[in-house]
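For the single chain, residues carry numbers from 1 onward in sequence order. Source: prediction; values computed, not measured.
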Amino acid sequence: LIVIHDFAEIISYEIFQNDTLISSGGVGSAIVGGLLFGGVGAIVGSNTGSKITSNLVNFLGIIIVLNNIKSPIENVLYWDQWCGALKTSDLKYKNLYDDIEKDKAILDNICTNVETTRKLVVDQKNLESSLNNSIEKLGVIKQMLENGLINQTEFENKKKENLDKI
């Protein structure tokens, strides 16, 4: 079953091997460890980045924690125990691990781009709001001029002052 998620839903992602989280991706590792491996996983997760002592691999992959109630966790397995145990000295392991590192780098870039886009959207909204406020103020100043509450020089000064704020 293939599930498609929006990249903006990604909270964190971590590489795991057997019952050990290898790298940290943003959320507390104990939380992610608990989600992945149950109660004991919280203890394992708190040791993220610990040296892996076993040279046999039964599971190798990336766990992705999402801001999605229906599907809060996605496991992307690169190696599963059903394929048999894999030795860390095997070329197959080294190639799989290189693939995982590349995919993690891609996730890093995507998440950075999503965050940059979020900031740009916020900046755009702030600019639009500022522009709308300035346009409204210019309308009020124009009415003040038309109603004789201010003269042309005062109008020009207030208009310039408002436009300088944009």
Practice item. Show the numbers, then the answer: is there a side chain to side chain contact (heavy atoms under 4.5 Å, CB included) between L138 and L163? Key: CA-CA 9 Å; L138 287 173; L163 292 175; 3.8 Å; yes

Exercise for review: List the atom of K94, the atom of S89, and the distance in Å for their closest heavy-atom pair.
Suggested key: CE-O, 3.9 Å

**Study point:** Partner set under side chain to side chain contact (heavy atoms under 4.5 Å, CB included) for T153, not counting sequence neighbours
**Key:** N151, N157

Check your understanding: From D80 CG over to L86 CG, what is the distance, rounded to the nearest 0.5 angstrom?
Key -> 11.5 Å

Revision key, fill the gap. Grouping ILVMFWY residues whenever side-chain heavy atoms fall under 4.5 Å, the cluster of V140 otherwise contains I141, M144, L145, L149, I150, F155

Study note, to complete from the structure: d(L60 CG, I100 CD1) to nearest 0.5 Å is 3.5 Å

Revision key, fill the gap. Taken in chain and number order and not counting sequence neighbours, the residues that satisfy salt bridge (Lys or Arg N to Asp or Glu O under 4.0 Å) with K159 are E156

Check your understanding: If you measure from CD1 on I110 to OH on Y13, what distance do you get to the nearest 0.5 Å?
Key -> 9.0 Å

Exercise for review: Enter the distance from I63:CD1 to E74:CD here, rounded to the nearest 0.5 Å.
Suggested key: 9.5 Å

Review point. Are side-chain heavy atoms of W82 and L77 found at a separation under 4.5 Å?
Key: no

Point to revise | Least distance between heavy atoms, N162 atom then S134 atom | key: O-OG, 3.9 Å

Review point. If we only count heavy atoms from C-beta on, is the I62 to Y78 side-chain gap below 4.5 Å?
Key: yes

**Study point:** salt bridge (Lys or Arg N to Asp or Glu O under 4.0 Å) involving K160 - partner list, sequence neighbours excluded
**Key:** D164

Review point. For E128, which residues count as a salt bridge (Lys or Arg N to Asp or Glu O under 4.0 Å) partner, sequence neighbours excluded?
Key: none

Exercise for review: Can you see which heavy atom on C111 is nearest to which on I10, and at what distance?
Suggested key: SG-CG2, 3.8 Å

Point to revise | Exercise: identify the closest heavy-atom pair between I69 and P72 | key: O-CD, 3.6 Å

Review point. Measuring from L66:CG to S12:OG, what's the distance to the nearest 0.5 Å?
Key: 8.5 Å

Point to revise | For K92 against W79, the heavy-atom pair lying closest together | key: CE-CZ3, 3.9 Å

**Study point:** Nearest heavy-atom neighbours spanning T88 and Y93
**Key:** O-CD2, 3.2 Å

**Study point:** Contacts of D108 that satisfy salt bridge (Lys or Arg N to Asp or Glu O under 4.0 Å) - sequence neighbours left out
**Key:** K104

